[in-house]
Amino acid sequence: MHLRKAKLMFFWVRYPSSAVLKMYFPDIKFNKNNTAQLVKWFSNFREFYYIQMEKYARQAVSEGVKNAEDIHVSADSEIYRVLNLHYNRNNHIEVWRPQVPPNFRFVVEQTLREFFKAIQSGKDTEQSWKKSIYKIISRLDDPVPEYFKSPNFLEQLE
DNA sequence: GGCCCCCCTG
DNA sequence: CAGGGGGGCC
């Protein structure tokens, strides 16, 4: 399986269905096991992502940020660098293609704001308070570029 | 049953 | 990241 490629896909999709994943790994002969593994990878990717989001959102609250709208994420933001290090360790996208999709920055910003609002309003004390946030973020997936289907995708990363 | 997702571990 | 368990949905 192609872990690096899967991680790069995360910049576009946080909740890809197994059907979509299969389309973007045309060179893989899927079976129950590797399909479950790929799906599991994204689950793990999301966990890392949300852990970081909660961490930075709480940091914003402690720093006295008043409104969620005051939270801004740019390529220079620490959170952005942390995420890039995790999903794009060798800056494959930058060197090979123009850039990380602009919408990813937006998604991160939205996620931070949602966590911030939940924490600030004390909803983080409720049972499964993250569920509603997950639902919102799940609607922000973008189409994965066609070039991810290229048989030479991984080679082009080198 | 089968498929997903989340949670918690190691 | 992989394993295993719990719970929801069809």
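Per chain, numbering begins at 1; letters A, B, ... match sequence-line order. All values derive from a computational prediction rather than experimental measurement.
Atom C1' of nucleotide B:dC3 and atom CG of A:N33 are separated by 14 Å, given to the nearest angstrom. Atom NE2 in A:H2 sits about 16 Å away from atom P in C:dC1, given to the nearest Å. Here the C1' atom of nucleotide B:dC7 and the CD atom of A:Q127 are 13 Å apart, to the nearest Å. Computed from coordinates, the A:K131 NZ to C:dG7 P distance equals 12 Å when rounded to whole Å. Atom CD in A:E54 sits about 11 Å away from atom P in B:dC8, given to the nearest Å. Distance CD1 (A:I133) to P (B:dC6): 12 Å, rounded to an integer number of Å. Nucleotide B:dC7 holds its C1' atom 10 Å from the NZ atom of A:K130, rounded to whole Å. In this structure, A:L38 atom CG and C:dC1 atom P are separated by 12 Å, rounded to whole Å.
The shortest distance between the side-chain N/O atoms of A:Y15 and the OP1/OP2 oxygens of B:dC6 is below 4.0 Å. Here A:Q37 does not reach the OP1 or OP2 of C:dC1: none of its side-chain N or O atoms lies under 4.0 Å away. Residue A:Y49 places none of its side-chain N or O atoms closer than 4.0 Å to OP1 or OP2 of B:dC6. Within the 4.0 Å cut-off from OP1 or OP2 of B:dC3, not a single side-chain nitrogen or oxygen of A:S18 is found.
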**Prompt:** What do the steps show when you test A:H2 against A:D27 for side-chain contact (heavy atoms from CB on, under 4.5 Å), and what is the final call?
**Reply:** CA-CA 10 Å; A:H2 312 307; A:D27 57 325; 2.9 Å; yes
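For A:E47, taking side-chain heavy atoms from C-beta onward, the closest of the listed nucleotides C:dC1, B:dC5, B:dC8 is B:dC8. The side chain of A:K32 approaches B:dC3 more closely than any other nucleotide in the set B:dC3, C:dC1, B:dC6.
Nucleic acid contact class of A:K135 (heavy atoms, under 4.0 Å, all strands): none. At a threshold of 4.0 angstrom between heavy atoms, the contacts of A:Y50 with the nucleic acid are absent.
The pair A:E114-A:K117 meets the salt-bridge criterion, since a charged nitrogen lies less than 4.0 angstrom from a carboxylate oxygen.
Checked by atom type and distance alone, the side chain of A:R14 never pairs as donor or acceptor with a backbone atom of A:R46 at under 3.5 Å.
A donor-acceptor contact under 3.5 angstrom links the side-chain atoms of A:K40 to the base of C:dG4.
Of the N and O atoms on the side chains of A:Y49 and A:T111, at least one donor lies less than 3.5 Å from an acceptor on the other residue.
The local environment of NZ in A:K123 is sparse, with at most 12 non-hydrogen atoms from other residues, nucleotides or ligands closer than 6.0 Å.
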